[in-house]
Amino acid sequence: MIFIDNEDVNDPRINLALEEYALRNFNPGKDYLLFYINEPSIIIGRNQNTLEEINFNYVEQKGIHVVRRMSGGGAVYHDFGNLNFSFITNHDLKSLNNFGKFTTPVTKILNQLGVPAELKGRNDVLVHDKKISGNAQFSTGKRMFHHGTLLLNSDLSEVSKALQVKMSKIESKGHKSVRSRVANISEFLDTPIDIESFKNLLLKGLYNEGEVFQTYTLTEAQWQDVYKLRDEKYGTWDWNYGSSPKFNIKRSKRFPIGEIDLRIYVEKGIITDFKIYGDFFGKEPVETLEKLLIGTRYEKATIEELMRPIDIEDFFGLLPKEDYLNLIYGEDS
């Protein structure tokens, strides 16, 4: 097995691009191991509706990355206290969906450290019924990767804040995450350990399993290819938000001017239909507002820009524009 040196990159867009690049371009006759630690980020499952998974306002305020991965499963929070591992190997039917094959070496090392970890259910590693690791897989048909998280010392309060949806959203065909009780591995260790030492212990443990490791360092040309993949895929709104399944949104609120009830239909991140109902009084027909947003991204900044020249009082009376914008794309009251 060959260990891929990611050169301590903490940008999740680059790390996920590196993982895909290695999967598709590295020697198909070899097995690879990649470790990476991401700065605060939410990593969305391939088949999920991004907006159904995140607290958008909180994520925006905190500058938390939101990046979609290639594998299925649920949304997860990454930070500097979480170590990610990825095994890249040839696809075969015995390996695909065989989570135990890939998690067993990891749980064995954790048990040697005094952490009674075990794979339970389909893809979670638990300690005393608390999740310390989630796992997922992706296959091209010829090559596959199995990747997972290891919560060493994550800020678990941020997990709940960043993944707590604050909008009364969504009837969606996306795969909704089921939140699990989580814990940090550090809670079960007798002696505190930092994440770099933890990573090295895992590597040493895998060495002791009889694997002969060598380290692979990417060339400058290969890094340029990784950056290109980041720019064209993992750093784009189209992949991270626009790839969400079709969903419908119902948003209603009673204001002093009356009730406004919005029905918003979104497909691949684009508003395909927009309806306004309510008992308000306005001078201009709301059909003008409805048509304005059809065909645009369901994205806060884009909607705000389109609404900038609009005098909202023409349609609803004495209603602040900010209140209307928050109704389209904001937290519940």
Side-chain angles (χ1 to χ4, degrees), residues 1-9 12 14-38 43 45-46 67 69-74 76 78 82-113 115 117-126 131-152 185 195-196 198-218 222 226 229 234:
M1 185 176 288
I2 300 170
F3 176 66
I4 301 170
D5 181 7
N6 85 322
E7 300 184 12
D8 295 325
V9 168
I14 298 175
N15 283 324
L16 289 177
L18 171 59
E19 183 178 54
E20 181 180 350
Y21 180 80
L23 176 75
R24 297 190 186 279
N25 295 283
F26 281 16
N27 188 334
K30 303 289 186 180
D31 294 337
Y32 295 89
L33 170 64
L34 172 66
F35 280 152
Y36 55 93
I37 299 166
N38 286 328
I43 310 300
R46 178 65 185 89
V67 188
R69 63 179 186 267
M70 293 179 68
S71 61
V76 290
H78 290 181
N82 172 68
L83 178 65
N84 303 283
F85 63 91
S86 181
F87 293 107
I88 302 169
T89 186
N90 284 334
H91 166 98
D92 67 73
L93 293 177
K94 292 181 180 179
S95 295
L96 191 64
N97 295 320
N98 182 356
F99 290 87
K101 173 180 176 179
F102 296 97
T103 58
T104 295
V106 176
T107 56
K108 184 173 182 179
I109 294 164
L110 288 172
N111 276 268
Q112 290 169 355
L113 294 173
V115 179
E118 57 181 333
L119 179 69
K120 280 195 173 181
R122 185 182 61 156
N123 62 335
D124 292 337
V125 175
L126 307 184
K131 179 177 175 178
I132 60 161
S133 172
N135 293 262
Q137 296 181 345
F138 174 79
S139 173
T140 66
K142 293 182 178 179
R143 296 283 280 172
M144 64 172 287
F145 63 63
H146 174 112
H147 57 190
T149 58
L150 286 167
L151 295 168
L152 177 66
I185 294 167
I195 195 117
E196 283 298 322
F198 179 61
K199 181 175 77 172
N200 290 331
L201 274 176
L202 282 171
L203 267 177
K204 183 174 183 293
L206 290 168
Y207 273 114
N208 291 339
E209 288 297 304
E211 293 279 5
V212 177
F213 274 84
Q214 64 186 83
T215 298
Y216 186 88
T217 302
L218 275 75
Q222 288 175 319
V226 171
L229 185 56
Y234 293 100

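The shown structure was predicted, so the numbers you read here are calculated from the model rather than taken from an experiment.
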So [Y] and [X], do their side chains get closer than 4.5 Å, heavy atoms only?
X	Y	answer
Ile132	Leu110	yes
Leu34	Leu18	yes
Glu196	Ile37	yes
Phe85	Asn135	yes
Phe145	Met70	yes
Val67	Asn38	no
Tyr234	Leu229	yes
Tyr36	Ile14	no

For the backbone of [Y] and the side chain of [X], can you confirm whether one donor and one acceptor N or O come within less than 3.5 Å of each other?
X	Y	result
Ser133	Thr149	yes
Thr107	Ala117	no
Asp5	Thr217	no
Tyr32	Asn27	yes
Asp124	Gly134	no
Asp31	Met1	no
Thr140	Lys142	yes
Arg69	Leu16	no

Once rounded to the nearest 0.5 Å, what's the spacing between atom [atom1] of [X] and atom [atom2] of [Y]?
X	Y	atom1	atom2	answer
Thr103	His146	OG1	NE2	6.0 Å
Asn82	Leu152	CG	CG	9.0 Å
Leu151	His78	CG	NE2	8.5 Å
Asn123	Lys131	CG	NZ	6.5 Å

Heavy-atom closest pair, residues [X] and [Y]:
X	Y	value
Arg143	Thr89	NH1-C, 3.3 Å
Phe102	Phe87	O-CE1, 3.5 Å
Ala136	Gly72	CB-O, 3.6 Å
Pro12	Ile43	CB-CD1, 4.0 Å
His91	Ser139	ND1-OG, 2.7 Å
Ile109	Leu202	CD1-O, 3.6 Å

**Prompt:** Passes side chain to side chain contact (heavy atoms under 4.5 Å, CB included), Phe35 versus Leu83? Steps please.
**Reply:** CA-CA 7 Å; Phe35 280 152; Leu83 178 65; 4.2 Å; yes

**Asked** Taking atom types as modelled and ignoring hydrogens, do the side chains of Asn15 and Asn84 form a donor-acceptor contact shorter than 3.5 angstrom?
**Response** no

**No-hydrogen, no-angle side-chain donor-acceptor test under 3.5 Å, Gln222 and Tyr216** = yes

**Asked** For Lys30, does the NZ atom sit with more than 12 other heavy atoms under 6.0 Å from it, leaving out its own atoms?
**Response** no

**Prompt:** According to the interplanar angle, ranging from 0 to 90°, do the rings of Tyr21 and Phe26 count as parallel (below 30°), tilted (30 to 60°) or perpendicular (above 60°)?
**Reply:** perpendicular

